Novice: 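The structure that follows is given in the form of structure tokens.
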There are 2 protein chains.
Amino acid sequence: MTVEERIRSDIEARVHSGEWRPGDRIPFEHELVASYGCSRATVSKALTRLARAGLIERRRKAGSFVADPQVHSAVLEVPDLAAMIAARGEAYCWKLLDRRVDGAELLVTGVHHAAGRPFCLETRTIFLAAVPEAGEESFDTVSPGSWLLGHVPWTRARHGIRAVEADAGQAALLEMAAGKACLLIERRTWRMDAPVTLVEQLFPGDRYDLVAEFRPGAS
Amino acid sequence: MTVEERIRSDIEARVHSGEWRPGDRIPFEHELVASYGCSRATVSKALTRLARAGLIERRRKAGSFVADPQVHSAVLEVPDLAAMIAARGEAYCWKLLDRRVDGAELLVTGVHHAAGRPFCLETRTIFLAAVPEAGEESFDTVSPGSWLLGHVPWTRARHGIRAVEADAGQAALLEMAAGKACLLIERRTWRMDAPVTLVEQLFPGDRYDLVAEFRPGAS
DNA sequence: CTGAATATTATGTCTAGACATAATCCAGAG
DNA sequence: CTCTGGATTATGTCTAGACATAATATTCAG
């Protein structure tokens, strides 16, 4: 364990245990230098990282303080569906329903299947200005999500999550009763402010369970 | 702009623009030292931060490489409901329905209202072993979520998000028709491996829209 | 007393170098 | 040929110190 790690984990432990409470001042850098017998650069690196993780707040001249509890936020994992289903040991397959070009947009519709049952209805728009190569792809065996993952780096994404009721057409494609509750995930992706893709994924409520795990100060 | 920031943003720009593709080697540290005319510590700090953000991968002896596109993941903001509703300019109010102690667990049920309409049905368990002070709170004017935010630091949380249909009782409390689609968020929170609270929040599907924004390499 | 100039102090950024560590390459032994 | 042990090399961590910057505390003029 490096000196920097030791400093960090000592401070984390004191904050998490409640020994140092939000607003408390933690030792000055020069005090930590003295007690750990290391150089200031090492202490500073440890504090910088804790500050970036949101555990402490540093103020010039005043010192460093335990930060107020952070806003709730969590890291939401939205893995590649194919990989996710494979990880559960179920057979995965993608069935293309429709593919057409409308001006500079490529519209793809299809269903992801897990263990032989429909699992997710996907409606996707791909903006050809950002991804011209997509025009060459048929997407009849590979889902656009998997293809895009490997071909286009994105710099920003925005997710919306809602609960909706399946209409008759959607219900038929997902082999479920109309009016049943579904999780609707809408994701827009950009690459340097140029839209890359917009996707709506509709999951039967009882067949999908999104999970988000979070560890604050996950240094 | 500091030298470190300049190095970082130059590399980010080259990766995001596609000039350097996943797998490409980026210049060695000593080359960056030469081209920026700075010390190795500065270059190393920049690369360390890019590596932590997942943009590059560093390998001893081999150099640093542009990382493969990351798994989709997003930062999910789960703000305090009271603060969130207030931010939308709507009146917020919490109505306690039930509060009782069952052994070492405090069970609280209530409804969050926005603009006079029920907005979220909350069923919460608070583990008194981790939060003994909660036993003194009536929770008749302040929601347990807001109270806990200010009183208990937590170190880990796990969210589950599902779509469900409201049963008759839930529907009545939320002033909606039974069987309608709802978003169910379940959150468990721990503090140093001791459970703090478990909450289920049920939102009418058409009145809530969870949003997650993500910028990879958000250095 | 009030307000402005000055001194102090802790953090922010950086340098030039040291040694450690791990991965790779290459030469020589078998 | 293969395998092993060193030499090489890039990153990983650290030191001791420098100067910059921003916020506070203090002093002094009015």
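Remember, it's a predicted structure, so these values are computed and weren't measured experimentally. Protein chains get the first letters and strands the later ones, always in sequence-line order, with residue 1 at the start of each.
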Novice: Whether A/E57 and A/R59 form a salt bridge (side-chain N of Lys/Arg under 4.0 Å from carboxylate O of Asp/Glu) is what I want to check.
Specialist: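 Salt bridge: yes.
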Novice: I'd like to know if B/E12 and B/R14 make a salt bridge, using a cut-off of under 4.0 Å between side-chain N and carboxylate O.
Specialist: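 The answer is no: the pair does not qualify as a salt bridge.
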Novice: Run the salt-bridge test on B/R156 and B/D193 with the 4.0 Å N-O cut-off and return the result as yes or no.
Specialist: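 Salt bridge: yes.
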Novice: Run the ring-ring contact (aromatic ring centres under 6.0 Å, His included) test against B/F28 and tell me which residues pass, sequence neighbours left out.
Specialist: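 For B/F28 the ring-ring contact (aromatic ring centres under 6.0 Å, His included) partners, ignoring immediate neighbours, are B/H30.
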Novice: Under 4.0 Å, heavy atoms only, any strand: does B/R59 hit a base, just the sugar-phosphate, or nothing?
Specialist: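 Contact class for B/R59: sugar-phosphate only.
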Novice: What is the first contacted nucleotide of DNA chain D and what is the last, in 5' to 3' order, if contact means an atom lying under 4.0 angstrom from a heavy atom of chain A?
Specialist: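 Using the under 4.0 Å cut-off, the span is D/dT13 to D/dT24.
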Novice: Using a 4.0 Å heavy-atom cut-off, does B/S64 contact any base of the nucleic acid, only the sugar-phosphate backbone, or nothing at all?
Specialist: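 If one applies the 4.0 Å heavy-atom cut-off, B/S64 turns out to touch the sugar-phosphate alone, with no base involved.
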Novice: So which one's nearest nucleotide on DNA chain D is more toward 5', B/K61 or A/M1?
Specialist: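 The residue mapped nearer the 5' terminus is B/K61.
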Novice: Under a 4.0 Å threshold between the charged nitrogen and the carboxylate oxygen, would B/E90 count as salt-bridged to B/R117?
Specialist: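 No, no charged N to carboxylate O under 4.0 Å.
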